[in-house]
**Student:** 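Below you'll find the structure I mean.
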Amino acid sequence: MTELRNGGRILVDNLVAQGCDRIFHVPGESFLAVLDALVDADDIDLVTCRQEGGAAFMACADAAMTGRPGVCFVTRGPGATNASIGVHVAMQDSQPMLLFVGDVDRRMRDREGFQEVDLPAMFAPLAKWSTRIEDARRIPEYVARAWNVAISGRPGPVVIALPEDMLLDAVEAVDRPPLPRLNQAPDARAMQTLSAMLDGAQRPVAIVGGAGWNAAAGAQFAAFAERRGIPVATAFRRQDALPADCAVYAGNLGYGPNPKLVARIKTADLLLVVGARLGEATTDGYTLITPDHPGQTLVHVHPDPSELGRVYQADVAICADMPSFAGAIALENRGTPSRLGAEAHAEWRVWSTPQPREGVALDLGQCVAAMREAMPADTIICNGAGNFSGWWHRYWHYGPQPSQLAPTAGAMGYGVPAAVAAALRAPERQVVAVAGDGDFLMNGQELATAVQHGANLLVIVVDNAAYGTIRMHQEREFPTRLSGTTLRNPDFAALARAFGGWAETVERTEAFAPALARALSQSGVRLLHLKTDVEVITAATTIAAIRNR
């Protein structure tokens, strides 16, 4: 006879069976049986967070670090709605994630009980799969399926509602082993066609990004591109898909790209897009590369067949996961190397080298340059959303994946939770959270999580006393007519010290490098509060320049 276990125990046992070793959560009375089972689960590290949005962001970032689903538990109603931002980011970022939500007792459903929400309906538009477990006997089936759905094809989030009383049911259940990841190798004939197209192309450009990249795949694709001499750009906030020291790396697309890279994309006769969906940010609103791309040949490689042909008409569509495709293309050994890749890389080198800006008290470009001098190449840079991130996107040279944790969904508040997750997953590496002042205060409370769990990380808060991105758009559309974008901020350094961290405030460029050195000599949570002028609104322009257009 199989041992009787309650639903909470069965759930934890099957998460262990699938390979889960860390759970991020905010506790709730709706899943007490799970918390009880975790007392005996030595294989799982339980990270207690301060807000469900932060916990969900940590799960997203953990998935980016490992390639396995990040796992998060929250309670119903308020917990679920707070966590929904992480589900949205996981979907748009194509990151595998499992969000378990404690639900109302099955006998209370459809009465608008305490904190009741129809969870599968609520999350259906946001997730790859949204469901509820009604029978504790089927928990192993649901967990194995959810894990596989999250990592297969285009990775993404799965949301599972857990009725409180179901987790208390004592039943017999058979645990399930993990399913093998279904890797799709590229079609041999399509690869032959691609090689022939590359032979005939005069101005090819590759764009890489999206889900499923790892350091090995990036290195294999880089070797192929270097042999061919093909310029390679990275999609928006996917700059670690290819090592920046690759001899044909041409820079990143997204907001404020190198105009010379934009020109190369527009004049390319062959576009090889590997992994990226070619979303709005990467394509500048579907204008840099249009869905029908007249005059250009498009070869689109993606792990999910439903993405191929969904928006872009591909001349050749190849369904394959990134490691399989990169491994196959690395074997391709045809053609005469082009000089275009080296030229594009030289252009990126110039573009990514910050020049001093006159009349600027605290020059963020020079701050990034100082970081490049002082910190290792494999440093993990984490950021949320805001103009502040543009200095790092342009001037930081990202190492092999994973070294950039940044939401393509443009969610504010991601950087600090992501840095906590990265620091716990890779304690041997330097981890930096870069946040704007508005961005930081959306999830700055997770510094308490970092301190509690012994995470080592550096936080850089860029404080221009404004919601800078919106201020920039405001100046473009309604110059000088300011409304709702000015902020009155706390003393961020004092706030960090209150959490138990080390902190300094920096107001001049020449003070940054010494302050950084002092920060790097410390352990635990460290914060540098950079006070900047909102006039210097981006790495490329000022408010005065915007008004004078």
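All figures in this text were calculated on a predicted structure; none of them were measured in a lab.
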**Student:** Say you draw a straight line from CG of Leu4 to CD1 of Ile10; how long is it, rounded to the nearest 0.5 Å?
**Tutor:**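 If I round to the nearest 0.5 Å, the distance is 9.0 Å.
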**Student:** Flag the pair Tyr142 / Thr131 as yes when at least one side-chain heavy-atom distance between them is below 4.5 Å, and no otherwise.
**Tutor:**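 Side chain of Tyr142 against side chain of Thr131, heavy atoms only: contact under 4.5 Å found.
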**Student:** Strictly below 4.0 Å, N to O, side chains only: are Asp105 and Arg111 in salt-bridge contact?
**Tutor:**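 Arg111 and Asp105: not salt-bridged.
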**Student:** Thr449 and Gln452: side-chain donor and acceptor closer than 3.5 Å?
**Tutor:** no
**Student:** Before you tell me yes or no, could you show the steps for Val274 and Ile207 under side-chain contact (heavy atoms from CB on, under 4.5 Å), namely the whole-Å CA-CA distance, both residues' side-chain angles and the distance that decides it to 0.1 Å?
**Tutor:** CA-CA 6 Å; Val274 186; Ile207 301 172; over 6 Å; no
**Student:** In the structure I gave you, are the side-chain heavy atoms of Leu482 and Arg471 within less than 4.5 Å of one another anywhere?
**Tutor:** yes
**Student:** Tell me the closest heavy-atom pair linking Asn82 and Ile85, and the distance in Å.
**Tutor:** O-CG2, 3.5 Å
**Student:** Could you tell me whether Arg310 atom CZ has more than 12 heavy atoms of other residues or ligands within 6.0 Å of it?
**Tutor:**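 Not more than 12 within 6.0 Å, no.
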**Student:** Determine whether a donor-acceptor pair (N or O, by modelled atom type, separation under 3.5 Å) exists between the side chain of Ser130 and the backbone of Ala127.
**Tutor:** no
**Student:** Does the pair Asp21/Arg425 count as a salt bridge with the N-to-O cut at 4.0 Å?
**Tutor:**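 Judged by the 4.0 Å cut-off on N to carboxylate O distance, Asp21 and Arg425 do form a salt bridge.
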**Student:** To the nearest 0.5 Å, how far apart are CG in Asn252 and CZ in Arg394?
**Tutor:**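 That separation rounds to 10.0 Å.
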**Student:** Give a yes or no answer on whether the side chain of Asp240 reaches the backbone of Gln404 with a donor-acceptor pair at less than 3.5 Å.
**Tutor:** yes
**Student:** Verify, without hydrogens or angle tests, whether Gln522 (side chain) and Trp502 (backbone) share a donor-acceptor contact under 3.5 angstrom.
**Tutor:** no
**Student:** Search all heavy atoms of Met322 against all heavy atoms of Gly212 and return the closest pair with its distance.
**Tutor:** CB-O, 3.6 Å
**Student:** If the plane angle is over 60° it's perpendicular, under 30° parallel, otherwise tilted; pick one for Phe236 and His393.
**Tutor:** perpendicular
**Student:** Is the backbone N or O of Val149 less than 3.5 Å from a side-chain atom of Lys128, with the two atoms forming a donor-acceptor pair by type?
**Tutor:** yes
**Student:** For the residue pair Asp103 and Met166, establish whether any side-chain heavy-atom pair is separated by less than 4.5 Å.
**Tutor:**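 The answer is no; the side chains never approach within 4.5 Å.
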**Student:** Stepwise, does the side chain to side chain donor-acceptor pair (under 3.5 Å) test hold for Asn183 with Ser324?
**Tutor:** CA-CA 7 Å; Asn183 294 327; Ser324 296; 5.2 Å; no
**Student:** List the atom of Arg154, the atom of Ser94, and the distance in Å for their closest heavy-atom pair.
**Tutor:**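 Scanning both residues, the minimum pair turns out to be NE-OG, 2.8 Å.
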**Student:** How about Asp45 and Ile23: do any of their side-chain heavy atoms sit closer than 4.5 Å?
**Tutor:**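 No; the side chains remain at least 4.5 Å from each other.
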**Student:** How close do Ala80 and Val101 get, counting heavy atoms only, and between which atoms?
**Tutor:**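 In this case the closest contact between Ala80 and Val101 is CB-CG1, 3.8 Å.
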**Student:** Could Arg109 and Asp165 be called an ion pair, given the rule that one side-chain N must be under 4.0 Å from one carboxylate O?
**Tutor:** no
**Student:** Can you check whether Ser523's main-chain N or O pairs, donor with acceptor, with Asn456's side chain at less than 3.5 Å?
**Tutor:**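 Checking the backbone N and O of Ser523 against the side chain of Asn456, no donor-acceptor pair under 3.5 Å is found.
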**Student:** With the threshold set at 4.0 Å, does a side-chain nitrogen-carboxylate oxygen contact exist between Arg9 and Asp40?
**Tutor:** yes
**Student:** For the aromatic rings, using the six-membered ring if either is Trp, is the centroid distance between His25 and Phe73 under 6.0 Å?
**Tutor:** no
**Student:** Does NZ or CZ of Arg145 fall inside the cone over Trp129's six-membered ring, less than 6.0 Å from its centre and within 45° of the axis?
**Tutor:** yes
**Student:** At their closest point, which heavy atom of Tyr286 faces which heavy atom of Pro291, and how far apart are they?
**Tutor:** O-CD, 4.0 Å
**Student:** Between Arg132 and Pro120, is there a donor-acceptor pair closer than 3.5 Å when you use the side chain of the first and the backbone of the second?
**Tutor:**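 Flag not set: sc Arg132 to bb Pro120 has no pair under 3.5 Å.
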**Student:** Under 6.0 Å between ring centres, would you say that holds for Phe31 and Phe100?
**Tutor:**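 No, they do not, as the ring centres are separated by 6.0 Å or more.
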**Student:** Assess the residue pair Asp175 and Arg5 against the criterion (salt bridge (Lys or Arg N to Asp or Glu O under 4.0 Å)); give the C-alpha distance rounded to whole Å, side-chain angles, the decisive distance to 0.1 Å, and a yes or no.
**Tutor:** CA-CA 11 Å; Asp175 297 340; Arg5 293 173 290 170; 2.9 Å; yes
**Student:** Take Lys531 and Asp491, measure what salt bridge (Lys or Arg N to Asp or Glu O under 4.0 Å) needs, and give me the verdict at the end.
**Tutor:** CA-CA 10 Å; Lys531 289 191 172 182; Asp491 181 337; over 6 Å; no
**Student:** Are the side chain of Asn6 and the backbone of Gly8 linked by a donor-acceptor contact shorter than 3.5 Å?
**Tutor:** yes
**Student:** Any side-chain heavy-atom pair from Val34 and Asp36 closer than 4.5 angstrom?
**Tutor:**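 Heavy-atom side-chain distance check fails, nothing below 4.5 Å.
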**Student:** Hey, is Arg50 close enough to Glu446 for a salt bridge, meaning N to O under 4.0 Å?
**Tutor:**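 No.
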**Student:** Evaluate Gln474 against Thr485 for side chain to side chain donor-acceptor pair (under 3.5 Å), listing each step before the verdict.
**Tutor:** CA-CA 9 Å; Gln474 203 169 48; Thr485 54; 3.1 Å; yes
**Student:** For the backbone of Gly153 and the side chain of Asp304, can you confirm whether one donor and one acceptor N or O come within less than 3.5 Å of each other?
**Tutor:** no
**Student:** Measuring from Leu11:CG to Cys20:SG, what's the distance to the nearest 0.5 Å?
**Tutor:**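 Those atoms lie 9.5 Å apart.
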**Student:** Okay, side chain of Arg137, backbone of Val171: is any donor-acceptor separation there less than 3.5 Å?
**Tutor:** no
**Student:** Could you walk me through whether Arg277 and Thr282 satisfy the side chain to side chain donor-acceptor pair (under 3.5 Å) test, starting with their C-alpha distance in whole Å, then the side-chain angles of each, then the deciding distance to 0.1 Å, before giving a yes or no?
**Tutor:** CA-CA 9 Å; Arg277 292 189 300 115; Thr282 296; over 6 Å; no
**Student:** Can you check side-chain contact (heavy atoms from CB on, under 4.5 Å) on Ser389 and Arg237, steps first, answer last?
**Tutor:** CA-CA 10 Å; Ser389 64; Arg237 292 185 166 174; 3.1 Å; yes
**Student:** Nearest 0.5 Å, please: how far is CG in Leu46 from CG in Leu35?
**Tutor:** 7.0 Å
**Student:** State the CG-NE2 distance between Asp463 and His529, to the nearest 0.5 angstrom.
**Tutor:**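 Answer for the CG-NE2 pair, Asp463 versus His529, is 3.5 Å.
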**Student:** Calculate, to the nearest 0.5 Å, the distance between atoms SG and CE belonging to Cys60 and Met91 respectively.
**Tutor:**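 Cys60 atom SG to Met91 atom CE measures 12.0 Å (nearest 0.5 Å).
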**Student:** Looking at Glu29 and Arg76, does any basic side-chain N land under 4.0 Å from a carboxylate oxygen?
**Tutor:**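 A salt bridge is present here (some side-chain N lies under 4.0 Å from a carboxylate O).
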**Student:** Could you report the tightest heavy-atom contact between Ala185 and Ala320, atom names first, then the distance?
**Tutor:** C-CB, 4.1 Å
**Student:** Would you mind reporting whether Leu458 and Val431 have side-chain heavy atoms less than 4.5 Å apart?
**Tutor:** no
**Student:** Please list, one pair per line, the donor and acceptor atoms closer than 3.5 Å that link side chains of residues 378-388 to other protein atoms, with sequence neighbours excluded.
**Tutor:**
from   : atom 1 : to     : atom 2 : distance (Å)
Thr379 : OG1    : Pro376 : O      : 2.7
Asn387 : OD1    : Thr469 : OG1    : 3.1
Asn387 : ND2    : Ile537 : O      : 3.1

**Student:** Could you give me the CA-CA distance, side-chain angles and deciding distance for Val71 and Trp147, then say whether side-chain contact (heavy atoms from CB on, under 4.5 Å) is met?
**Tutor:** CA-CA 10 Å; Val71 180; Trp147 194 277; 4.3 Å; yes
**Student:** Is Met97 close to Pro69 at the side-chain level, that is, under 4.5 Å between some pair of heavy atoms?
**Tutor:**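 Sidechains of Met97 and Pro69: no contact.
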**Student:** Take Leu162 and Ile160, measure what side-chain contact (heavy atoms from CB on, under 4.5 Å) needs, and give me the verdict at the end.
**Tutor:** CA-CA 6 Å; Leu162 305 169; Ile160 302 177; 3.9 Å; yes
**Student:** Taking the side chain as C-beta and beyond, is there a heavy-atom pair between Thr234 and Leu253 under 4.5 Å?
**Tutor:** no
**Student:** Hey, is the main chain of Asp284 close enough, under 3.5 Å, to the side chain of Thr287 for a donor-acceptor pair?
**Tutor:**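 Yes, because the side chain of Thr287 sits within donor-acceptor range (under 3.5 Å) of the backbone of Asp284.
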